[in-house]
Amino acid sequence: MADDAPFYADDAGRKLARKFEMQAYDLRAHLKKFKAETGEEAITDGFGILTESEEVTSAYIDYSTDAADVVKLVHEHLDAIADALRKVNRNTEVTDDDVAVLFGKKSDEGKR
(Lines give C-alpha, C1' and ligand atoms only; values in the text may rest on other atoms or scores of the structure.)
Protein backbone atom coordinates (compact mmCIF):
# COMPACT_ATOMS: atom_id res chain seq x y z
CA MET A 1 0.00 0.00 0.00
CA ALA A 2 1.43 3.40 -0.96
CA ASP A 3 2.19 5.90 1.80
CA ASP A 4 -0.38 8.38 0.50
CA ALA A 5 -3.17 5.81 -0.07
CA PRO A 6 -6.12 6.08 2.30
CA PHE A 7 -6.83 3.19 4.65
CA TYR A 8 -10.53 3.44 3.80
CA ALA A 9 -11.38 3.00 0.13
CA ASP A 10 -12.82 6.19 -1.30
CA ASP A 11 -16.55 5.99 -1.99
CA ALA A 12 -16.79 2.34 -0.81
CA GLY A 13 -19.21 3.21 1.98
CA ARG A 14 -21.21 5.56 -0.20
CA LYS A 15 -21.55 2.96 -2.95
CA LEU A 16 -22.65 0.27 -0.52
CA ALA A 17 -25.14 2.63 1.15
CA ARG A 18 -26.50 3.54 -2.28
CA LYS A 19 -27.00 -0.15 -3.12
CA PHE A 20 -29.01 -0.67 0.05
CA GLU A 21 -30.97 2.50 -0.64
CA MET A 22 -31.80 1.33 -4.17
CA GLN A 23 -32.90 -2.08 -2.90
CA ALA A 24 -35.16 -0.39 -0.35
CA TYR A 25 -36.58 1.88 -3.06
CA ASP A 26 -37.24 -1.08 -5.39
CA LEU A 27 -38.84 -3.05 -2.60
CA ARG A 28 -41.09 -0.12 -1.74
CA ALA A 29 -42.23 0.06 -5.38
CA HIS A 30 -42.96 -3.67 -5.41
CA LEU A 31 -44.85 -3.34 -2.13
CA LYS A 32 -47.03 -0.58 -3.57
CA LYS A 33 -47.82 -2.77 -6.58
CA PHE A 34 -48.47 -5.79 -4.35
CA LYS A 35 -50.91 -3.83 -2.20
CA ALA A 36 -52.75 -2.59 -5.27
CA GLU A 37 -53.05 -6.08 -6.72
CA THR A 38 -53.79 -7.99 -3.51
CA GLY A 39 -55.46 -5.49 -1.22
CA GLU A 40 -58.88 -5.99 0.29
CA GLU A 41 -60.69 -4.42 -2.66
CA ALA A 42 -58.87 -6.53 -5.25
CA ILE A 43 -59.43 -9.73 -3.30
CA THR A 44 -63.09 -8.97 -2.64
CA ASP A 45 -63.64 -8.22 -6.32
CA GLY A 46 -61.93 -11.48 -7.23
CA PHE A 47 -64.02 -13.68 -4.96
CA GLY A 48 -67.28 -11.78 -5.18
CA ILE A 49 -69.78 -11.52 -2.39
CA LEU A 50 -71.02 -15.10 -2.17
CA THR A 51 -71.65 -16.24 1.40
CA GLU A 52 -69.40 -19.29 1.05
CA SER A 53 -66.53 -17.14 -0.23
CA GLU A 54 -66.44 -14.93 2.88
CA GLU A 55 -64.10 -17.27 4.77
CA VAL A 56 -61.73 -17.63 1.82
CA THR A 57 -61.81 -13.90 1.17
CA SER A 58 -61.02 -13.16 4.79
CA ALA A 59 -58.08 -15.62 4.77
CA TYR A 60 -56.64 -14.07 1.62
CA ILE A 61 -57.00 -10.54 3.00
CA ASP A 62 -55.27 -11.56 6.23
CA TYR A 63 -52.46 -13.22 4.29
CA SER A 64 -52.05 -10.23 2.00
CA THR A 65 -51.96 -7.83 4.95
CA ASP A 66 -49.40 -9.97 6.80
CA ALA A 67 -47.20 -10.28 3.71
CA ALA A 68 -47.33 -6.52 3.08
CA ASP A 69 -46.45 -5.82 6.73
CA VAL A 70 -43.40 -8.09 6.54
CA VAL A 71 -42.20 -6.57 3.27
CA LYS A 72 -42.63 -3.11 4.80
CA LEU A 73 -40.42 -4.15 7.73
CA VAL A 74 -37.74 -5.41 5.33
CA HIS A 75 -37.95 -2.12 3.39
CA GLU A 76 -37.53 -0.11 6.60
CA HIS A 77 -34.61 -2.31 7.66
CA LEU A 78 -32.82 -1.83 4.32
CA ASP A 79 -33.37 1.91 4.59
CA ALA A 80 -31.95 1.91 8.14
CA ILE A 81 -28.89 -0.03 6.94
CA ALA A 82 -28.32 2.55 4.19
CA ASP A 83 -28.58 5.38 6.74
CA ALA A 84 -26.14 3.64 9.09
CA LEU A 85 -23.66 3.04 6.27
CA ARG A 86 -23.81 6.70 5.26
CA LYS A 87 -23.10 7.69 8.87
CA VAL A 88 -20.18 5.26 9.12
CA ASN A 89 -18.82 6.59 5.83
CA ARG A 90 -19.02 10.21 6.99
CA ASN A 91 -17.34 9.40 10.28
CA THR A 92 -14.62 7.36 8.58
CA GLU A 93 -13.85 10.10 6.08
CA VAL A 94 -13.58 12.68 8.85
CA THR A 95 -11.35 10.38 10.89
CA ASP A 96 -9.14 9.58 7.88
CA ASP A 97 -8.77 13.27 7.14
CA ASP A 98 -7.94 14.04 10.78
CA VAL A 99 -5.36 11.24 10.95
CA ALA A 100 -3.82 12.36 7.67
CA VAL A 101 -3.37 15.85 9.12
CA LEU A 102 -1.61 14.32 12.14
CA PHE A 103 0.86 12.69 9.78
CA GLY A 104 1.61 15.92 7.94
CA LYS A 105 -0.92 16.04 5.14
CA LYS A 106 -2.37 19.48 4.70
CA SER A 107 -6.03 19.59 5.71
CA ASP A 108 -7.17 21.25 2.46
CA GLU A 109 -5.64 18.50 0.24
CA GLY A 110 -8.23 15.88 1.16
CA LYS A 111 -11.38 17.95 0.61
CA ARG A 112 -14.06 16.10 -1.29
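Keep in mind the model is a prediction, meaning the values are calculated, not measured. For the single chain, residues carry numbers from 1 onward in sequence order. Every heavy atom of this structure was used, including side-chain atoms; hydrogens, water molecules and symmetry mates were not.
One finds the CG atom of Leu85 at 10.0 Å from the OG1 atom of Thr92 (value rounded to the nearest 0.5 Å). Note that the CG atom of Asp26 and the CD atom of Glu21 stand 10.5 Å from one another [nearest 0.5 Å]. Between the NZ atom of Lys35 and the OG1 atom of Thr65 there is a distance of 9.0 Å, given to the nearest 0.5 Å. Between the CG atom in Leu27 and the NZ atom in Lys32 there is a gap of 14.0 Å [rounded to 0.5 Å]. Atoms CD and CD1, from Glu41 and Ile61 in turn, are 10.5 Å apart once rounded to the nearest 0.5 Å.
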Give the intermediate values and the outcome of side-chain contact (heavy atoms from CB on, under 4.5 Å) for residues Glu37 and Lys33.
CA-CA 6 Å; Glu37 292 176 355; Lys33 182 179 176 185; 3.0 Å; yes
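When the side chains of ILVMFWY residues are joined at heavy-atom separations under 4.5 Å, either directly or via intervening members, Leu16 and Val74 end up in a single hydrophobic cluster. Hydrophobic clustering places Ile81 together with Leu31 (ILVMFWY residues linked when any side-chain heavy atoms are closer than 4.5 Å, directly or through intermediates). In this structure, Tyr60 is not a member of the same hydrophobic cluster as Tyr63, with clusters built from ILVMFWY side-chain heavy atoms closer than 4.5 Å.
Nearest heavy-atom pair across Arg86 and Ala17 is CG-CB, 3.7 Å. For the pair Ala82 and Phe20, the tightest heavy-atom approach, listed with the atom from each and the gap, is CB-CB, 3.9 Å. Nearest heavy atom pair, residue Gly39 against residue Ser64, reads N-OG, 4.2 Å.
Annotation: side chain of His75 is not in contact with side chain of Val71 (no heavy-atom distance under 4.5 Å).
Enclosure of atom CD in Glu40 is not indicated, since only 12 or fewer non-hydrogen atoms of other residues, nucleotides or ligands lie within 6.0 angstrom.
Residues Asp69 and Lys72 are not paired through a salt bridge, judged by the lack of any N-O separation under 4.0 Å between the basic side chain and the carboxylate.
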